[in-house]
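Predicted, not measured: the structure shown is a model, and the values here were computed from it.
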Amino acid sequence: QVQLVESGGGLVQAGGSLRLSCAASGRTANTYIMAWLRQAPGKDREFVAAISGSGASTNYAGSVNGRFTISRDNAKNTVYLQMRSLKPEDTAVYYCAAGRVVDTVIPYNYDYWGQGTQVTVSS
């Protein structure tokens, strides 16, 4: 079993920056794919970014590519999402997820989920 806890969400003005953290506990492994996904009110959960177990490979949704950066510190069992140039359309609950997945962009492929952290971007 793996437990994931997100933190770092909050209110920020458009154009600002925010860093989210995801702390993992329980049984974890460097082979887990770690990812961030988000869900706005009334919308489906969507993929944001993923990172391989070693951290050598990353993948981003087109809407955030160039603005967001995912990273991980395996010694701390922690994954980060650095968000820059935030836009109002980035407003959502952001979830941390983990699993041994092949297609990282499919939300249902992940086995473990955090409770989410709210990110609100004002205009």
Side-chain angles (χ1 to χ4, degrees):
Q1 295 183 341
V2 176
Q3 296 82 46
L4 304 173
V5 180
E6 303 95 335
S7 63
L11 176 65
V12 64
Q13 293 186 14
S17 299
L18 206 61
R19 189 176 78 158
L20 306 182
S21 299
C22 173
S25 61
R27 201 194 85 81
T28 60
N30 290 340
T31 55
Y32 278 133
I33 298 292
M34 300 293 293
W36 290 95
L37 301 95
R38 67 188 182 186
Q39 187 167 22
K43 299 183 66 177
D44 293 333
R45 192 166 298 185
E46 66 176 350
F47 170 80
V48 175
I51 188 167
S52 63
S54 68
S57 180
T58 58
N59 189 32
Y60 297 92
S63 59
V64 306
N65 192 35
R67 299 188 297 119
F68 291 10
T69 302
I70 188 171
S71 61
R72 68 190 298 164
D73 185 341
N74 286 339
K76 297 181 178 180
N77 290 326
T78 302
V79 179
Y80 305 94
L81 184 68
Q82 179 67 57
M83 304 182 291
R84 300 179 176 88
S85 300
L86 283 162
K87 305 174 181 179
E89 51 263 45
D90 294 319
T91 296
V93 176
Y94 283 71
Y95 296 91
C96 180
R100 293 183 173 90
V101 301
V102 176
D103 191 345
T104 60
V105 305
I106 306 299
Y108 292 130
N109 284 351
Y110 293 92
D111 299 311
Y112 307 102
W113 294 85
Q115 291 290 343
T117 185
Q118 177 71 47
V119 173
T120 302
V121 183
S122 62
S123 60

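Taking OH of Tyr80 as the reference point, atom CG of Leu20 lies at 12.0 Å (rounded to 0.5 Å). To the nearest 0.5 Å, atom OH of residue Tyr110 and atom CE of residue Met34 are 9.5 Å apart. Atom CG of Asp73 sits about 8.5 Å away from atom OG of Ser71, to the nearest 0.5 Å. Between the CZ atom of Arg72 and the OG atom of Ser52 there is a distance of 7.0 Å, given to the nearest 0.5 Å. To the nearest 0.5 Å, the span separating SG on Cys96 from CD on Gln3 amounts to 12.0 Å.
Between Tyr112 and Tyr32, the angle of the ring planes goes over 60°, which puts this pair in the perpendicular group of the 30/60° scheme.
Side chain of Asp111 to main chain of Gly99: no donor-acceptor pair is present (N/O by atom type, distance under 3.5 Å, no hydrogens or angles). Side-chain atoms of Asn74 come within 3.5 Å of backbone N or O of Gly53 as a donor-acceptor pair. In terms of modelled atom types and a separation under 3.5 Å, the side chain of Thr78 and the main chain of Lys76 share a donor-acceptor contact. Remark: the backbone N or O of Gly66 is not paired with any side-chain donor or acceptor of Arg84 at under 3.5 angstrom. Proximity of a side-chain donor or acceptor of Thr91 to a complementary backbone N or O of Thr120 within less than 3.5 Å is not detected.
With contacts defined as side-chain heavy-atom distances shorter than 4.5 Å, the pair Tyr95/Val48 does not qualify. Inter-residue side-chain proximity for Arg45 and Trp113 is flagged as met; some heavy-atom pair is nearer than 4.5 Å. For the pair Gln39 and Glu46, the minimum side-chain heavy-atom distance is 4.5 Å or more. Taking the side chain as every heavy atom from C-beta outward, Ser85 and Phe68 never approach each other to under 4.5 Å.
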side-chain contact (heavy atoms from CB on, under 4.5 Å), that's the test. Do Met83 and Ser17 meet it? Break it down for me. CA-CA 5 Å; Met83 304 182 291; Ser17 299; over 6 Å; no
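Note: the hydrophobic cluster containing Tyr94 also contains Val64 (ILVMFWY, side chain heavy atoms under 4.5 Å, direct or indirect links). In the hydrophobic clustering of this structure, Tyr60 groups with Val79; members are Ile, Leu, Val, Met, Phe, Trp, Tyr whose side-chain heavy atoms approach within less than 4.5 Å, directly or through other members. If you chain together hydrophobic residues whose side chains sit under 4.5 Å apart, Val2 and Leu37 never meet in one group. Val93 and Leu81 fall into different hydrophobic clusters, where Ile, Leu, Val, Met, Phe, Trp and Tyr side chains are chained together by heavy-atom contacts under 4.5 Å. Neither Leu11 nor Val121 shares a network with the other; the hydrophobic side chains, linked directly or stepwise wherever heavy atoms of I, L, V, M, F, W or Y lie under 4.5 Å apart, form separate groups for each.
Counting heavy-atom neighbours within 6.0 Å of Asp44 CG, excluding the residue itself, gives a total of 12 or less. Summarising the local packing, CD of Glu89 is surrounded by more than 12 heavy atoms from other residues, nucleotides or ligands at distances under 6.0 Å.
The heavy-atom pair separating Ala24 from Leu4 by the smallest distance is CB-CD2, 3.6 Å. Contact record, Trp36 with Ser21: CH2-O, 3.6 Å, taken as the closest heavy-atom pair. Across all non-hydrogen atoms, the minimal contact from Gln115 to Glu6 is N-OE1, 3.0 Å. In plain terms, the two heavy atoms of Ala92 and Gln118 that are nearest each other are O-NE2, 3.4 Å. Nearest approach of Ala14 to Pro88, heavy atoms of both residues: CB-CD, 4.1 Å.
Each of Thr58, Ile51, Ile33 was checked for a side chain to side chain contact (heavy atoms under 4.5 Å, CB included) with Thr104, and the lone residue meeting it is Ile33.
In summary, the side chains of Gln13 and Ser122 do not present any donor paired with an acceptor at a separation below 3.5 Å, with no hydrogens or angles considered.
Looking at residues two or more places apart in sequence or on another chain, you find no side-chain hydrogen bond (donor to acceptor under 3.5 Å, both in side chains) involving Gln82. Arg67 pairs by the side-chain hydrogen bond (donor to acceptor under 3.5 Å, both in side chains) definition with Asp90, not counting sequence neighbours.
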